[in-house]
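Below is one structure, written out as structure tokens; comments come after it.
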Amino acid sequence: MSLKTSYFNLPLFKSNLRRFWWIGAGVLLAYLTVALLFLFDEDTSEGFAVMNAVVVGVAGILPAILFSYLNNSGSVTCLHALPVKRKAHFLTNLATVYALILVPAIISYAIGFFYCVLEMPIGIGNLADYFVMLIICATIATSAGTLGSMITGNTIAAIFFAILFFAFPFYAEGVLKGFLSTNVFGIWDVEYYSLDNMSILKANPFMIGWFIVSIIGLIVSWFLYKNRKLETNGDIISFDFLKPVFIAAVSVFAGLIGYFYLNVFFDDSIFLMLPFGILGAVVSYMLSKKAFTIKGIWKPILIYIIFVGAVWGTISFDLTGFERRVPDIADIESIDMVDTDSFINRYHYYTIEGKKYYYDMSIEDYRYYDEEDFKNITAFHKQRIEDRKSGFEKIHIVYNLKNGKTLRRIYSASLIEDREYLEPIYKTEQKLKINHGWLVKEYPVTEIVISDDRLKNDSKNFEILVGDSKKAKLLLDALKKDVSEASYEDIVSYRNSLTQVQISYQRDLIDENGNVFIDESKERTTYDNFGIPKSYVRTTALLTEWGLFDAIYKPNEISCVELEFDYRQEETVRFKNPDEIKEIYDFVSEAKLIQTKEHGYDFNVRLIFLNAQGKRILDFSGSRQTNIPVPRLLSAEINKYKFKYGQNIPKGAIAETYEIY
């Protein structure tokens, strides 16, 4: 038999086109009104990105429509009685999908190509990239839709499975990482690889890998179609050997959905997977049997319960040794350790034209090589494992081992309570370099904004300096010296100061190979905020000389201080005694108060300062965590409020210190 007859049937192909030509016409119209419209408006990406997304939807649904005859006993018998082999049916339907997508695309891309030749020569290369990604995206979606159509005898189920197969990499990765980050102590959950690397306009290793998997999916679909029984039309699952897989998958899927839902109402427990998971097992079992029956249902339920128990046991007893693993110092080549402040510089990146770009500090700038640092970091690591404490500072640790492997962990810490372990790490030149790159590198400073919440002007800005001015250079010099000599307390709580300096400076973006991203400005502007505590004597002296502290409200200009709880005005407490006002003023001059925490209960505390006319002149909220003494008059009122709302505090008790956030 000829190749044409065996693998492709022209009459069937023409019949498909006569029935579904309107889909191709719709795709062409969308290209002409979306992709090319953006192109003519000199935006070569947005319109084609939208169209690639449209193509994904069309390519995912078309197989369910073209293979819908498999779900009707009369149609499937009639078509398979024709002198056309199954492989011809299969490949002809796939050819129809590509014809309805690629023909409109080729016409549109041809128009775009000639437009670029005449008007925008730089866009031709981009068009070629977009067309390649069109084929990749269409193949991925077609594979998902075809595989969905092969495993079920129901058209609606086929569309559902197509969506599920297409979204599976993202769902599986997101849910798995969310589940593990909640239950496995120290697990690294920084990067969602699939979500961060998917691009519908630029090929990258993830998309190429997904494309290869989709080709394998099409081959699997062919073998399923080849061996599919005709009488399975109407079945949710057309193959008996896939029914246990279906029941297991639905049970786990439903269990994880239930876990995240019930987590809102109950304490974290892996056994929260049971209610919804068992319900999913029952429903999927009935669907696979095509009957409302519970005969034999105990088997999948028991298997699912054993599965959940095994997951609980593995994680609770750390059977893999994951949580307890700390590398030996002799095995460590180097360590990357960054906290919340430096995280964005080390791990945050921009995706530009399908490539990752980071700020231009190299990996070496974030890396510890000294053996003494190794001892301090592993000591902190072991302490985290031992007491399993938590805090509000995220500490990311990456061990680069001599055998070429890496060990990644992330922990939360209290910078005050864990001072014994963190101070030796924070009081190093390497840490200073990590947190404040501009202190080490000569970045072009463009602007410096000096501000203070106590200033009398509405903007709360004292002065804005041009980066290359004489005053800016004096301030930078003073600030560099103060930061370099800062105490541990100032290092971990510098943002609490009401006097703030924001330094805007320019940094290049580089890719993982050190290549600089070039755009119109050639540089990217970023900024650092610095609180100026009293211990920054050089900077404070300079700001005093310039008159900053003469321009702020003084305690004698304040007639009343209002203390609000949870922003409830009916709970407001007012202080009018000048000595009390000064005490509170001095307190907030050292730290901004927003929340107090005791016995696991948080609530908002807000301080509002009024002048003699009753006008609000100061309003304090927002800070990072630290422990500082709270004035007794505030402490007493806070305890009254907590006692009133049922907190576990003896009546009349006064707490002297609170955690301030």
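Quick note: numbers below take in every heavy atom, side chains included, and nothing from hydrogens, waters or symmetry partners.
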Worksheet item: Is the shortest heavy-atom distance from the side chain of Asn263 to the side chain of Leu272 under 4.5 Å?
Response: yes
Worksheet, complete the sentence: Residues at least two apart in sequence or cross-chain that pass side chain to side chain donor-acceptor pair (under 3.5 Å) with Tyr285, listed by chain then number, are none
Worksheet item: CG/Asn154 to OG/Ser68 distance, rounded to the nearest 0.5 angstrom?
Response: 11.0 Å
Fill in: Check: Phe67 ring centre within less than 6.0 Å of Tyr225 ring centre
yes
Fill in: pair Phe276-Leu256: side-chain heavy atoms closer than 4.5 Å
no
Worksheet item: Thr155: what forms a side chain to side chain donor-acceptor pair (under 3.5 Å) with it, not counting sequence neighbours?
Response: Asn71
Item to complete: Might you point out which heavy atoms bring Ala144 and Phe165 nearest each other, and give the distance in Å?
Response: O-CD1, 3.7 Å
Worksheet entry | Sequence-distant partners of Thr96, side chain to side chain donor-acceptor pair (under 3.5 Å), two or more places apart | Asn16
Practice prompt. Return the orientation label for the Tyr259 and Phe179 ring planes: parallel under 30°, perpendicular over 60°, tilted otherwise.
Written response: perpendicular
Worksheet item: Can you list every salt bridge (Lys or Arg N to Asp or Glu O under 4.0 Å) pair that touches residues 239-251, not counting sequence neighbours?
Response: Asp240-Lys243
Practice prompt. Drop me the distance from Ile395's CD1 to Met337's CE, to the nearest 0.5 angstrom.
Written response: 4.5 Å
Practice prompt. Please report the shortest heavy-atom distance between Arg228 and Arg86, naming the atom on each side.
Written response: O-NH1, 2.8 Å
Worksheet item: On the ring face of Phe322, is Arg409 found with NZ or CZ under 6.0 Å from the centre and within 45° of the axis?
Response: yes
Fill in: Verdict with reasoning, Leu100 to Val58, per side chain to side chain contact (heavy atoms under 4.5 Å, CB included)
CA-CA 9 Å; Leu100 293 174; Val58 173; over 6 Å; no
Worksheet item: What are the two closest heavy atoms between Ile270 and Val308, and how far apart are they?
Response: O-CG1, 3.9 Å
Worksheet entry | Side-chain donor-acceptor pair present, Asn400, Ser334, cut-off under 3.5 Å | yes
Discussion item. The test is side chain to side chain contact (heavy atoms under 4.5 Å, CB included); show your working for Ile397 and Ile335 and say whether it passes.
Written reply: CA-CA 7 Å; Ile397 304 173; Ile335 301 177; 4.0 Å; yes
Worksheet item: Phe161 vs Phe246 aromatic rings, parallel, tilted or perpendicular, using cut-offs 30° and 60°?
Response: perpendicular
Fill in: Thr92 side-chain N/O to Ala88 backbone N/O, donor-acceptor pair under 3.5 Å
yes
Fill in: Gap separating the OG1 atom of Thr142 from the CZ atom of Phe166, nearest 0.5 angstrom
10.5 Å
Worksheet item: How long is the span from the CD1 atom in Ile219 to the CG atom in Leu224, to the nearest 0.5 Å?
Response: 12.0 Å
Worksheet item: Among all residues two or more places apart in sequence or in another chain, which pass the side-chain contact (heavy atoms from CB on, under 4.5 Å) test with Ser221?
Response: Phe90, Thr146, Leu147, Met150
Discussion item. If you apply the rule side chain to side chain contact (heavy atoms under 4.5 Å, CB included), what do you find for Ile247 with Tyr304, and how did you get there?
Written reply: CA-CA 10 Å; Ile247 296 171; Tyr304 179 72; over 6 Å; no
Worksheet entry | Test item: Phe13 and Leu17 side chains (from C-beta on) under 4.5 Å apart, heavy atoms | yes
Worksheet item: Ring centroid separation for Phe168 and Trp210, is it under 6.0 angstrom?
Response: no
Item to complete: Would you check if Lys14 and Leu10 make a side-chain contact, meaning some heavy-atom pair closer than 4.5 Å?
Response: yes
Worksheet item: Are Leu62 and Asn93 side-chain neighbours, meaning at least one heavy-atom pair lies under 4.5 Å?
Response: no
Discussion item. So Cys137 and Val56, do their side chains get closer than 4.5 Å, heavy atoms only?
Written reply: yes
Discussion item. Under a 3.5 Å distance rule, please check whether Ser181 uses its side chain to pair with a backbone N or O of Gly178 as donor and acceptor.
Written reply: yes
Discussion item. Would you compute the distance between atom CG of Leu279 and atom CG of Leu274 and round it to the nearest 0.5 angstrom?
Written reply: 12.5 Å
Worksheet item: Can you name the nearest heavy-atom pair linking Ala254 to Gly280, along with the distance?
Response: CB-CA, 4.0 Å
Discussion item. Are the side chains of Thr314 and Thr320 in contact, using a 4.5 Å heavy-atom criterion?
Written reply: yes
Item to complete: Take Ile215 and Thr139, measure what side chain to side chain contact (heavy atoms under 4.5 Å, CB included) needs, and give me the verdict at the end.
Response: CA-CA 8 Å; Ile215 297 296; Thr139 302; 3.8 Å; yes
Worksheet item: What distance do Lys226 atom NZ and His89 atom NE2 have between them, rounded to the nearest 0.5 Å?
Response: 15.0 Å
Worksheet entry | Counterpart residues, side chain to side chain donor-acceptor pair (under 3.5 Å), relative to Tyr109 (two or more places apart) | none
Discussion item. If you compare all heavy atoms of Tyr31 against all heavy atoms of Ser108, which two are closest, and at what distance to 0.1 Å?
Written reply: CB-OG, 2.9 Å
Worksheet item: Between Thr152 (side chain) and Ser149 (backbone), is there a donor-acceptor pair under 3.5 Å?
Response: no
Worksheet entry | Minimum side-chain heavy-atom gap Leu94-Leu218 below 4.5 Å | yes
Practice prompt. Give me the one residue out of Ile236, Ile237, Val282, Val250 that meets side chain to side chain contact (heavy atoms under 4.5 Å, CB included) with Leu287.
Written response: Ile236
Item to complete: Keeping the roles fixed (side chain from Thr446, backbone from Ser504), state whether a donor-acceptor pair exists under 3.5 Å.
Response: yes
Worksheet entry | For the student: nearest non-hydrogen atoms of Gly145 and Pro63, plus distance | C-CB, 3.7 Å
Discussion item. Does Phe223 have more than 12 heavy atoms from other residues, nucleotides or ligands lying within 6.0 Å of its CZ?
Written reply: no
